[in-house]
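Scroll down for the structure; my scribbles are underneath it.
Only this structure's heavy atoms are used, side chains among them; waters, hydrogens and symmetry mates stay out. Each residue takes its place number in the sequence, starting with 1. Note that the structure is predicted; figures quoted are calculated from it, not measured.
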Amino acid sequence: METMKKILPGLGLCTAIAVVAHLGGQLLPVVGGPVFAILIGMLAARFFGQRAILRPGITFASKKVLQYAVILLGFGLNMSVMLETGLQSLPIILSTITVSLVVAFALCKLLKIPTNTSILVGVGSSICGGSAIAATAPVIEADDEDVARAISVIFFFNVLAALLFPAFGAALGFSTTSAEAFGIFAGTAINDTSSVTAAASTWDTLYGLGSATLGKAVTVKLTRTLAIIPITLALALHRTRKAGKTDVKINLAKIFPFFILWFVLASIITTVATGIGLPANFFVPFKSVSKFFIMVAMAAIGLNTDIVKLVKTGGKPLFMGFCCWAAITGISLLALRLMGVWV
């Protein structure tokens, strides 16, 4: 009960913004509810987004509510289709992660950016944004300044992706009658789950695809998120060997994104239910709630924007983040072309 009292003010603000954003998205589908939520949240942040009483609820919305949105999205996704999508995107995911980490390593040496900052920006860009940074930071013993700097950089490009990627996809000539091309592109080229869901949801709204793009993009993104486990283990092994230690202590419970298991379970339930004759329309309300939860989370993302902190990160980390993002985007587009998904 005490915890609920703490999160209610901030969560209530995020929900109110989401309602306004939903109405705005209906009036201007070319912008979309998630983008409206981010923009309104960023505007509201300048007035009261940093108040202490609001912080617990805003944090809850940006983390937990987003996870609930992803889980609910699992209802309505067929398990065989989900597995097919994950396997289809795996070569792109491995390529983008490798390229991003190589770019981060090269720029670390070339521009003399602090090693821990470079690692955090690299894994944040290539895997799953803030979640990857949070999981990696204790493994490499990064300090609060390194974490704040990396998260600010990743967050900046997350917001840009949510705002620009739907228009970018249209300019590139992605199919507007199929969710495949833009769904895979968003899932592999956008840093964080929050911005993946925002961009994919906007694409669905723009071209009347229901939640097809959202389901495709989230499946790809969650497949990519699982890379946090081997990357974190590899970094831990490297660091302990470099320090001459023989023991490696890693808490898998802290780094494993367990909400993915609930997402998979929801898909299994859907697959079994439709297999025994339950109509697919039964799961439509779950998708509607999921989309609203995404707007609540996007409002929190906007409220978390701290332009001053971003400016203080300096030009070099921002340049590194841009280079990682550009490399990931380029590799994703090349792979889509070679696979015949984008023609």
Side-chain angles (χ1 to χ4, degrees), residues 17-18 20-43 66 69 73 89 92 96 100 125 129 153-221 224 290-292 294-295 297-299 301-302 305 307 310 318 321-337 339 341-343:
I17 292 174
V20 176
H22 173 68
L23 296 174
Q26 288 184 321
L27 291 173
L28 287 173
V30 69
V31 179
V35 173
F36 268 121
I38 292 175
L39 295 174
I40 297 171
M42 291 173 68
L43 180 63
L66 179 63
L73 189 62
S89 63
I92 308 177
T96 53
S100 177
S125 299
V153 169
I154 296 302
F155 185 82
F156 175 69
F157 291 108
N158 283 340
V159 171
L160 282 184
L163 297 176
L164 301 178
F165 260 52
F168 187 39
L172 289 171
F174 284 149
S175 171
T176 57
T177 58
S178 167
E180 187 173 25
F182 188 79
I184 295 176
F185 178 56
T188 54
I190 299 177
N191 297 338
D192 196 79
T193 305
S194 59
S195 293
V196 170
T197 57
S201 181
T202 298
W203 189 268
D204 279 332
T205 302
L206 280 173
Y207 303 111
L209 296 175
S211 60
T213 311
L214 189 56
K216 173 77 72 172
V218 166
T219 300
V220 173
K221 185 66 181 75
R224 181 177 161 198
S290 174
K291 287 186 175 183
F292 183 75
I294 287 171
M295 284 184 277
M298 292 307 102
I301 295 296
T305 303
I307 301 298
L310 177 63
L318 273 172
F322 171 77
C323 289
C324 289
W325 190 39
I328 289 170
T329 301
I331 291 296
S332 177
L333 289 173
L334 176 62
L336 287 171
R337 181 73 82 181
M339 293 167 60
V341 176
W342 171 40
V343 294

Do Thr193 and Val218 pass the side chain to side chain contact (heavy atoms under 4.5 Å, CB included) test, and can you show the C-alpha distance, the side-chain angles, and the key distance before you say yes or no?
CA-CA 7 Å; Thr193 305; Val218 166; 5.5 Å; no
Show the numbers, then the answer: is there a side chain to side chain contact (heavy atoms under 4.5 Å, CB included) between Thr197 and Met298?
CA-CA 9 Å; Thr197 57; Met298 292 307 102; 4.1 Å; yes
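From Ser100, atom OG reaches atom CD1 of Ile328 across 3.5 Å, with rounding to the nearest 0.5 Å. Here His22 contributes atom NE2 and Ile294 contributes atom CD1; the two are 13.0 Å apart, rounded to the nearest 0.5 Å. Of the inter-residue distances, the one linking Leu334 atom CG with Arg337 atom CZ reads 9.5 Å to the nearest 0.5 angstrom. How far CD1 of Ile331 is from CD1 of Ile92: 10.5 Å, rounded to the nearest 0.5 Å. Within the model, atoms OG1 of Thr96 and CG of Leu333 stand 11.5 Å from one another, a figure rounded to the nearest 0.5 Å. For the atom pair Ser89 OG and Arg224 CZ, the distance stands at 10.0 Å (nearest 0.5 Å).
In this structure, the side chain to side chain contact (heavy atoms under 4.5 Å, CB included) partners of Ala199, at least two apart in sequence or on a different chain, are Phe165, Pro166, Phe182, Ile190. Residues that satisfy the side chain to side chain contact (heavy atoms under 4.5 Å, CB included) test with Asn158, not counting sequence neighbours, are Ile154, Asn191, Asp192, Ser195. The ring-ring contact (aromatic ring centres under 6.0 Å, His included) test applied to Phe174 returns Phe185, Trp342, not counting sequence neighbours. Listed by chain and residue number, Thr177 satisfy the side-chain hydrogen bond (donor to acceptor under 3.5 Å, both in side chains) test with Ser175 (two or more places apart in sequence, or in another chain).
The two residues Ala181 and Leu336 make their nearest non-hydrogen contact at O-CD1, 4.0 Å. Nearest heavy-atom pair, Ala37 versus Ile17, reported as atom, atom and distance to 0.1 Å: O-CG2, 3.9 Å. Scanning both residues, Gly321 and Ser125, for their nearest heavy atoms gives O-OG, 4.5 Å. The minimum heavy-atom distance linking Val341 with Glu180 is given by the pair CG1-CG, 3.8 Å. Nearest heavy atoms, Val196 versus Gly187: CG1-CA, 4.2 Å.
For residues 324-336, the side chain to side chain donor-acceptor pair (under 3.5 Å) pairs, not counting sequence neighbours, are Thr188-Ser332.
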Side-chain donor-acceptor contacts of residues 206-215 below 3.5 Å, not counting sequence neighbours, with atom names and distances?
| from | atom 1 | to | atom 2 | distance (Å) |
| --- | --- | --- | --- | --- |
| Thr213 | OG1 | Asp204 | OD1 | 2.7 |

